[in-house]
Peer 1: 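The structure is given below, and queries will be raised subsequently.
Keep in mind the model is a prediction, meaning the values are calculated, not measured.
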Amino acid sequence: KEVAKHLKVIHSGMGGDELLGGYVHRYAYMEYAADKKFKRQADAHNRLFSKFEYEAKLSKVVKSKNPADAYSFITSADAGFDSKQLKEIYGEKIKNKISSPVSKVFEKYFKKKGLNATEQAFYAEFNVKMPDDFLVVEDSMSMANSVEARVPFLDNNLIDFCFSLP
């Protein structure tokens with residue numbers, strides 16, 4: 001609302017973390033889920049969580065059935081809550097509407113041959129999270145306040161260049 005008093009168009013940083021690897025902890029967890037030898041790498045990027053939260057998250061990542069489940073857990077805001085807590089947050093109406101695990105949406109992106117776990121996470125983020133989550137929220141929030149948000153990090157030429165880097 002405050003921005004709308006002064007500007008009608010803004011540049012957003014949306015896509016910067018996804019394009020340039022800003023979620024280092026997330027990718028470390030994905031590598032650990034793919035190859036349990038990466039625990040030290042995941043440990044090195046544990047600056048965002050308390051020891052308890054980190055160990056709980058890591059134990060669930062280890063139990064993931066597949067990379068899509070691990071990714072879904074790592075990226076989910078709900079992942080840290082048990083079913084009792086989720087019921088308190090959402091209530092039965094909303095919770096009962098969730099008919100299949102969110103990880104099903106991501107499965108096909110983790111079957112792409114020739115990509116490591118981090119690359120698969122990038123692939124999933126750009127094909128699902130970005131268009132169906134992040135950009136929807138970005139657009140809804142800005143338009144609700146009569147502000148146009150532009151996303152320069154999602155310029156096609158910039159994306160092509162970044163994805164061409166080794």
Side-chain angles (χ1 to χ4, degrees), residues 9-38 41-42 44-49 53-54 57-81 86 89-90 94-145 147-166:
V9 179
I10 62 169
H11 279 161
S12 164
M14 184 61 63
D17 285 326
E18 293 78 13
L19 181 61
L20 302 170
Y23 298 120
V24 177
H25 64 287
R26 181 183 297 175
Y27 307 127
Y29 280 121
M30 288 306 300
E31 291 296 334
Y32 182 65
D35 181 358
K36 308 306 186 246
K37 296 176 195 166
F38 279 88
Q41 180 185 6
H45 299 294
N46 177 33
R47 296 181 186 98
L48 300 176
F49 307 103
E53 290 170 315
Y54 169 69
K57 192 173 262 255
L58 194 59
S59 72
K60 289 183 180 178
V61 167
V62 169
K63 295 174 187 172
S64 299
K65 293 176 268 180
N66 56 52
D69 281 345
Y71 179 79
S72 179
F73 174 75
I74 292 164
T75 61
S76 173
D78 298 343
F81 300 103
L86 285 173
I89 293 169
Y90 291 123
I94 292 175
K95 192 166 184 231
N96 288 336
K97 290 186 183 214
I98 300 170
S99 57
S100 65
V102 173
S103 64
K104 293 277 185 214
V105 174
F106 299 112
E107 279 181 355
K108 71 179 182 180
Y109 301 101
F110 288 92
K111 292 180 180 175
K112 182 117 172 129
K113 301 288 184 209
L115 300 179
N116 65 34
T118 298
E119 292 166 335
Q120 289 174 334
F122 273 96
Y123 190 54
E125 285 173 356
F126 267 86
N127 284 283
V128 179
K129 294 289 279 184
M130 189 60 65
D132 297 331
D133 184 359
F134 302 144
L135 290 174
V136 172
V137 172
E138 176 89 6
D139 191 51
S140 298
M141 299 308 280
S142 64
M143 288 294 133
N145 292 289
V147 175
E148 178 185 341
R150 296 190 181 169
V151 287
F153 284 110
L154 297 179
D155 174 78
N156 288 333
N157 293 327
L158 180 60
I159 291 171
D160 290 344
F161 171 73
C162 289
F163 281 172
S164 74
L165 298 172

Peer 1: Just verifying a value: how many Å separate F122 CZ and F163 CZ, rounded to the nearest 0.5 Å?
Peer 2: 7.0 Å
Peer 1: Calculate, to the nearest 0.5 Å, the distance between atoms CZ and CG belonging to R150 and D155 respectively.
Peer 2: 12.5 Å
Peer 1: Heavy atoms only: give me the nearest C162-L20 pair and the separation to one decimal.
Peer 2: SG-CD2, 3.7 Å
Peer 1: Can you name the closest pair of heavy atoms from M14 and E138 and give their distance?
Peer 2: CE-OE1, 3.1 Å
Peer 1: Between Y71 and F110, how do the two ring planes meet: parallel, tilted or perpendicular, split at 30° and 60°?
Peer 2: tilted
Peer 1: Does CE belonging to M143 count more than 12 external heavy atoms closer than 6.0 Å?
Peer 2: yes
Peer 1: Is it true that a side-chain atom of N127 and a backbone atom of Y123 form a donor plus acceptor pair closer than 3.5 Å?
Peer 2: yes
Peer 1: Between M30 and A121, which heavy-atom pair has the shortest distance, and what is it?
Peer 2: CG-CB, 4.1 Å
Peer 1: For residues M130 and G15, report the shortest heavy-atom separation together with the two atoms involved.
Peer 2: CE-CA, 3.6 Å
Peer 1: Over all heavy atoms of both residues, which pair between E125 and P131 is shortest? Give the atoms and the distance, please.
Peer 2: O-CD, 4.2 Å
Peer 1: After noting the C-alpha distance and the side-chain angles of K129 and E18, does the key distance pass the side-chain contact (heavy atoms from CB on, under 4.5 Å) rule?
Peer 2: CA-CA 10 Å; K129 294 289 279 184; E18 293 78 13; over 6 Å; no
Peer 1: Quick check against the 3.5 Å criterion: does S164 have a side-chain atom that pairs as donor or acceptor with the backbone of F161?
Peer 2: yes
Peer 1: Which heavy-atom pair separates I159 from F153 by the least distance, and what is that distance?
Peer 2: CG1-O, 4.0 Å
Peer 1: For the CG atom of L154 and the CZ atom of F126, what is their distance to the nearest 0.5 Å?
Peer 2: 5.5 Å
